[in-house]
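Chain naming here is simple, since letters A, B, ... match the order of the sequence lines and numbering starts at 1 in each.
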Amino acid sequence: MNAPRVRFAPSPTGYLHIGGARTALFNWLYARRHGGVFVLRVEDTDQARSTQESYQAILDSLRWLGLDWDEGPEVGGPHGPYTQMERLALYAQTADRLIDEGKAYRCYATKEELDALRKEAERQKKQFFYPHLWRDKTSKDWPTGAPYVVRFKAPLAGETSFDDEVFGRITTPNDHLQDFVLLRSDGVPLYNFGAVVDDVTMKITLVARGRDHVVNTPQQVLLYEALGYPAPRFAHLPMMLAPDGKKLSKREAERYDIPVSVTAYRDRGFSPDGLLDYLVRFGWSHGDQETFTRRELIDLFDFSTASRADGKFDMKKCVAINHKIVKDDRFTPRAAYVAAARPFVEARGHRPDTEHLARALDTVRERARTYAEVADAVDYYFREPPALDDEAKKRALVPAAVPLLTRLRELLAGLERFEPDALRAALDAELDWKQVGPPARVALTGRASSPGLHEVMSVLGKTTVLARLDAALAIAAAG
RNA sequence: GUCCCCAUCGUCUAGUCCGGUCCAGGACAGCGGCUUUUCACGCCGUUAACGCGGGUUCGAAUCCCGCUGGGGACGCCA
């Protein structure tokens, strides 16, 4: 078989949703796995909702995730343009061809007319079915100058089936199909038509998308048939639901503090690899393995081990997976970790040099799960004076701590080297850390908890350590 | 309502295709403990699932049927 061609076709009507990111990921993995082509196509035919901001946000999000496309906006390709509103002529031409061949027809029924019928059906609790008002008319019946839509002449009997890569064979009866609209009265195509025309002309060989699209597939299969092209293979992915089993809409997700846009994950300090590793296990698995490098994912990915059951999003697990990815050098090299953490540290007003930052980060890497947590955990290294936690101050910086801190200061003052080992050698035999630890920790970090104090002092350096001890001593004596 | 799809711990899942190795394994969360100057990390332990009912079979989480439950869709949205 030739190299497969897959696509991700978002509509720029909002940010890139994590469900969309998962779809993009599966397509991308499939393309990379088989040396295929990953096409990005923008389905911007909903002019009322499409925005330039959202278009940009989606591209940015995909880039942030590292899901690079081989053909599409801003990179071009031989099958462009890759934005549907720039392909209107093609749809019109294709629709005319179908009309000529008697496979589609002009329908002059107005929206108002149909809305009334739809309402009536609803009132009678019956499924609305488009009465074949214009199905059998010919060009002689067309009113001149009146607006019309182009409808597909759907088969009245029989059934349509396709073999889904993850669900197997799916068959639906044709008598359920409406004469669905191909082209709106303004000449803009509707989803099913636009997608099929584009998939045909862009030579897409496999369509992977959310399970909510299986109902569209029979119509699309029929369209391929009418157009005279073989249908591509289809792979539908189970849905990602909110913890309560409802659709993971923005509103629903907010109730559970689940961000739905990829940009929100970026802003919360997630690693793209961490997010992707969580998403990839949603509907796909490789035995019990939970964390994968990008390379492993590409080598392992296959629709045959995809699952069919919908799943519920679990933020705690998502964070846990991110933690694993971020703290492990195998997934996130130290330099990449430092670079990724930097913006979050800078957002707090700090501008440490790389060496200082890196050493500070080394002390918190095990414990912080996101870059946002990392930045918080490392804040006192760069803030002068460190933010002092009230509760910690009240408990630790008391008069009784004065002699302990004084002793620590004396020992430190005579030390030259502040490496953790040197500190250990000089202090551990002289001090009872159970006593000194709590006040010293608050003095040095302003908090009740922190990494080991030897490491903290080492990163802080002698001058800062002594200054902070002095400041704490003053508070303790006064308290 | 109609059509389509799905069904293993609270959650993501392994096992289901090729019935026995599964009194169902892993991970996250929970709980208990160890470690520790604190908080984490780590380690050890533990709670917890084959939706229900019928078949088929010597034997079913695995195959068949029904039920129940859940989801998707029914637009001049995508």
task = May I have the step-by-step check of side-chain contact (heavy atoms from CB on, under 4.5 Å) for W134(A) and R106(A), ending in yes or no?
result = CA-CA 7 Å; W134(A) 294 82; R106(A) 289 187 183 188; over 6 Å; no

task = Please test D198(A) against Y91(A) for side-chain hydrogen bond (donor to acceptor under 3.5 Å, both in side chains), starting from the C-alpha separation and ending with a verdict.
result = CA-CA 9 Å; D198(A) 288 346; Y91(A) 308 125; 2.8 Å; yes

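When heavy atoms are screened at a 4.0 angstrom cut-off, H236(A) is found touching no nucleic acid atom at all. Here V436(A) lies out of heavy-atom contact (under 4.0 Å) with every strand. Contact annotation for A121(A): no contact, since no heavy-atom pair falls under 4.0 Å across all strands. Residue contacts for G20(A): at a heavy-atom cut-off of 4.0 Å it reaches no nucleic acid atom on any strand shown. Base contact: R49(A) has a heavy atom under 4.0 Å from a base atom.
For F8(A) and W69(A), the ring centers sit 6.0 Å or farther from each other.
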Using distance only, find each side-chain donor-acceptor pair of residues 431-444 of chain A under 3.5 Å and give its atom names and separation, not counting sequence neighbours.
| unit_1 | atom_1 | unit_2 | atom_2 | d |
| --- | --- | --- | --- | --- |
| D432(A) | OD1 | K434(A) | N | 3.1 |
| W433(A) | NE1 | D428(A) | OD1 | 2.9 |
| R441(A) | NE | S450(A) | OG | 2.9 |

Between the protein and nucleotides 42-45 of chain B, are there any N/O to N/O pairs under 3.5 Å, and if so, what are the atom names and distances?
| unit_1 | atom_1 | unit_2 | atom_2 | d |
| --- | --- | --- | --- | --- |
| G42(B) | OP1 | K327(A) | NZ | 3.0 |

Can you tabulate the close N/O pairs, meaning under 3.5 Å, that link protein atoms to atoms of nucleotides 2-10 of chain B?
| unit_1 | atom_1 | unit_2 | atom_2 | d |
| --- | --- | --- | --- | --- |
| U2(B) | O2' | H176(A) | NE2 | 2.2 |
| C3(B) | O4' | H176(A) | NE2 | 3.0 |

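Between K324(A) and C28(B), a side-chain N or O to OP1/OP2 separation shorter than 4.0 Å is present.
When each of C28(B), A78(B), G75(B) is scored by its nearest atom to the side-chain atoms of A320(A), the top-ranked nucleotide is C28(B).
Judged by the 6.0 Å distance and 45° axis criteria, R365(A) is positioned over the aromatic ring of Y337(A). A cation-pi contact, defined as under 6.0 Å to the ring centre and within 45° of the axis, links R151(A) to Y130(A).
For R281(A) against U13(B), a side-chain-to-base donor-acceptor contact under 3.5 Å is absent. At a cut-off of 3.5 angstrom, counting only N and O atoms as typed in the model, there is a donor on one side and an acceptor on the other between the side-chain of H454(A) and the base of U37(B).
Atom CZ of F292(A) has more than 12 neighbouring heavy atoms from other residues, nucleotides or ligands inside a 6.0 Å radius. H323(A) NE2: more than 12 foreign heavy atoms inside a 6.0 Å radius.
Place P10(A) and G311(A) on RNA chain B by their nearest nucleotides, and G311(A) ends up nearer the 5' end. Remark on RNA chain B: of its neighbouring residues F128(A) and H213(A), the 5'-side contact belongs to F128(A), judged by nearest-heavy-atom nucleotide.
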